[in-house]
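First listed ligand is number 1; within each ligand, the first listed atom is number 1. Scope of the values below: all heavy atoms of this structure, side chains included, with no hydrogens, waters or symmetry mates. Just so we're clear, the structure is a prediction, and the values are computed from it rather than from any experiment.
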Amino acid sequence: MEIRENFLLYNQPFVGDEEINELIDTVKSGWFTMGPKTLEFEKQIAEYVGVKHIISLNSCTAGLHLSLIVLGIREGDEVIVSPYTFAASANTIVHVGAKPVFVDIEEDSFNIDTSKIEAAITPRTKAIMVVHYAGQAADLDRIKQIADKYNLKIIEDAAHAIGSEFAGKKIGSSGNLTSYSFYATKNMTTGEGGAIATNDDSIAERLRILRLHGISKDAWKRYGKGGSWFYEIAECGWKYNMTDLQASIGIPQLKKLDCFIKKRIEYGRILNKELSPIPGIKIPIEKPGRNHVYHIYPILLESYPRDKFIEEMAKKNIGTSVHFIPLHLHPFYQKRFGYKEGDFPVAEKIFKQEVSLPLYPKMSIDDVNYVVEAVKDILK
Ligand SMILES: *Cc1c(COP(=O)(O)O)cnc(C)c1O
């Protein structure tokens, strides 16, 4: 096959004049930090998701951390989570002094295997953190049944899953504390950023206080007209707020989100169709009743060595990635909690075979076809 000239990046955000103009407007206004645009952005996300409150933050990591704090999870507690995720999911559990208790994943969706959750529950278990891998919802019905039975809280890590659905409802509208990421590589971006969704008025109010040092409500207004110099520290919070500079990028991105998702699904299905006949490849599955938003396009290589495949793709000028190195294989988690290789065989098997192909709305159909051609050429 003929090798393309320029390198096809693994991922790239899709921004246009709308983001640039909104950003210029904000810079000209002179109000850079949390202010009117951040509030507008929050209102629009809440409408999009169908949830009462959105509390914007500087990351999804901050969202997971504050979710654990407001649910009262602390030293000595345990939180159940998939090991097949990014550092942030389990690191935040460690930040509050609790132990991440990993539960292996399903072979088909790479989400937590709900049939293995109950065996991991102890008297110290306080919550289940649900990661919606690649933008396909985990089985929230089954997880809720288990959580109700054992009186556990649910926290959703929806870093991949804004706009995704479970049983016809958007992820984040369920009433569970749900965190989104607007990091540069995610389905919509503010550069760095995140938000928590909740339907609970008092939790929302506490989150708004905790994201800004724990100082009294609306402290961000104190430099504006009608703002007061007076504030009180209600509790010891964090510096986790979003800024108007970030919201300026986020507002137009949110307007485009459904378009982005449509494109991702379209490209994802083209890849599914073209790659599924190739022997030795397992393509992603779409489970019924969910709206998989294809944040990641993971394939499994059942006979070809994964690392060699990545090198061959790079030779053909295509960027790829791996999602994820299971958390229990990382030195910190082994040293601190005694996890070891062999503990979660499904996650390990998937990790050894997994490679993520580029899939994002900024790609052209020619880019998608080129990826197909390259994969076919390598595996022929
Ligand atoms: C990206 C990611 C996060 C962290 O998001 P930030 O906004 O960078 O903090 C958390 N969980 C998962 C599964 C992610 O992929």
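- The cationic atom of Arg269 (NZ for Lys, CZ for Arg) does not lie both less than 6.0 Å from the six-membered ring centre of Tyr294 and within 45° of the ring axis.
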Below 3.5 Å, can you tabulate the donor-acceptor pairs from side chains in residues 322-334 to any protein atom, sequence neighbours excluded?
unit_1	atom_1	unit_2	atom_2	d
His323	ND1	Ser356	OG	2.7
His328	NE2	Glu348	OE2	2.6
His330	NE2	Ile325	O	3.4
Tyr333	OH	Ala90	O	3.4
Tyr333	OH	Asn91	N	3.0
Tyr333	OH	Asn91	OD1	2.7
Gln334	NE2	His328	O	3.0

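- For residues 371-380, the side chain to side chain donor-acceptor pair (under 3.5 Å) pairs, not counting sequence neighbours, are Glu274-Lys376, Lys316-Asp377, Asp377-Lys380.
- With sequence neighbours left out, the salt bridge (Lys or Arg N to Asp or Glu O under 4.0 Å) criterion links Lys340 to Asp343.
- Asn291 and Ser164 are not linked by any side-chain donor-acceptor pair at a separation below 3.5 angstrom, with hydrogens and angles left out of the test.
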Could you tell me, for ligand 1, which of its N or O atoms are under 3.5 Å from any protein N or O, listing the pairs and their distances rounded to 0.1 Å?
unit_1	atom_1	unit_2	atom_2	d
ligand 1	5 (O)	Ser181	OG	3.3
ligand 1	7 (O)	Cys60	N	2.9
ligand 1	7 (O)	Ser181	OG	2.7
ligand 1	9 (O)	Cys60	N	3.3
ligand 1	9 (O)	Thr61	N	2.9
ligand 1	9 (O)	Thr61	OG1	2.5
ligand 1	11 (N)	Asp157	OD1	3.3
ligand 1	11 (N)	Asp157	OD2	2.7
ligand 1	15 (O)	His160	NE2	2.7
ligand 1	15 (O)	Lys186	NZ	3.2

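- By the 6.0 Å and 45° rule, Arg264 does not stack over the aromatic ring of Tyr360.
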